[in-house]
Amino acid sequence: MVGEKDPVLILDRLRPLYGEGVYPGRSDKRSRPDWMDIPFNVLIATVLSQRTRDENTREASDNLFKALPTIEAIAGADTETIELLIRKAGFPVQKAKAIKSIARIVLEDHGGILPTDMDALLSMPMVGRKTANCVLAYAFGVPAICVDTHVHRISNLIGMVSSRNPDETEIQLRETVPENLWRDINALMVRHGQVTCLPRRPKCQECPVIGCCDHGSSADR
Ligand code: SF4
């Protein structure tokens, strides 16, 4: 292990490059659509983002919310209709079924208001800790660490955590990162993973945290 793993220092070095970061699936702040101000839509977009690329999430989300702009419309739509609207995001049968089911749960069990409670979110189909934390952080603005593939990979490369899966990464980050920075972790590391710390070929010589990073500082690079 090399350097200082101070998460405050690491995030401070990333912030000037990426600002406050952006929500996953939206790599450009200027493209932020109005529907992202609605927590239910943030949840559905996060479900759509599973196992697909940002541009596919964007197209599927825009199609869905343009054609079916309310929770009631999604809950009342045929799953086949939803499948056609979201097919760009992949796994349309599984995702359409989950999206319709989530809409019904929100309407029938929560009065049409997406709950802010982690357990309530986790009870919904296709909602795991990553998705629930994304919703808490990005839709409700509460402290939460959304560990996606970038956060899991980069945290381990740097040496901030030593974990086998995203849930372990979240637990370890919660122990070392101040709560007021939890939301920044995802926003900054997603952008870092898209721009500099690329999955197959990280640009370590351009990286502002190379001095803190186990991988970047390793002798055989
Ligand atoms: S030094 Fe390299 S591996 Fe480490 S965070 Fe930067 S780009 Fe990623």
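Start at 1 and go down the list; that is how both ligands and their atoms are numbered.
With contacts defined as side-chain heavy-atom distances shorter than 4.5 Å, the pair Leu17/Val195 does not qualify.
Here Ser163 pairs with Asn156, Thr169 under the side chain to side chain donor-acceptor pair (under 3.5 Å) rule; sequence neighbours left out. Taking Asn56 as the reference, Thr52 meet the side chain to side chain donor-acceptor pair (under 3.5 Å) condition, with sequence neighbours excluded.
Of all heavy-atom pairs between Gly216 and Cys204, the closest is CA-SG, 4.0 Å.
Residue Glu206 places every heavy atom at 4.0 Å or more from ligand 1.
Between atom 6 (Fe) of ligand 1 and Cys207 there is an N/O/S contact shorter than 2.8 Å.
Paired with Lys130 under the rule side-chain contact (heavy atoms from CB on, under 4.5 Å), one option of Asp148, Ile145, Val135, Val151 passes, and it is Asp148.
Close approach to Cys204 involves these atoms of ligand 1, each under 4.0 Å from a residue heavy atom: 1 (S), 2 (Fe), 3 (S), 7 (S). The His192 neighbourhood of ligand 1 comprises atoms 5 (S), 6 (Fe), with distances under 4.0 Å to a heavy atom of that residue.
By the criterion of a heavy-atom distance under 4.0 Å, both the backbone and the side chain of Cys197 are placed next to ligand 1.
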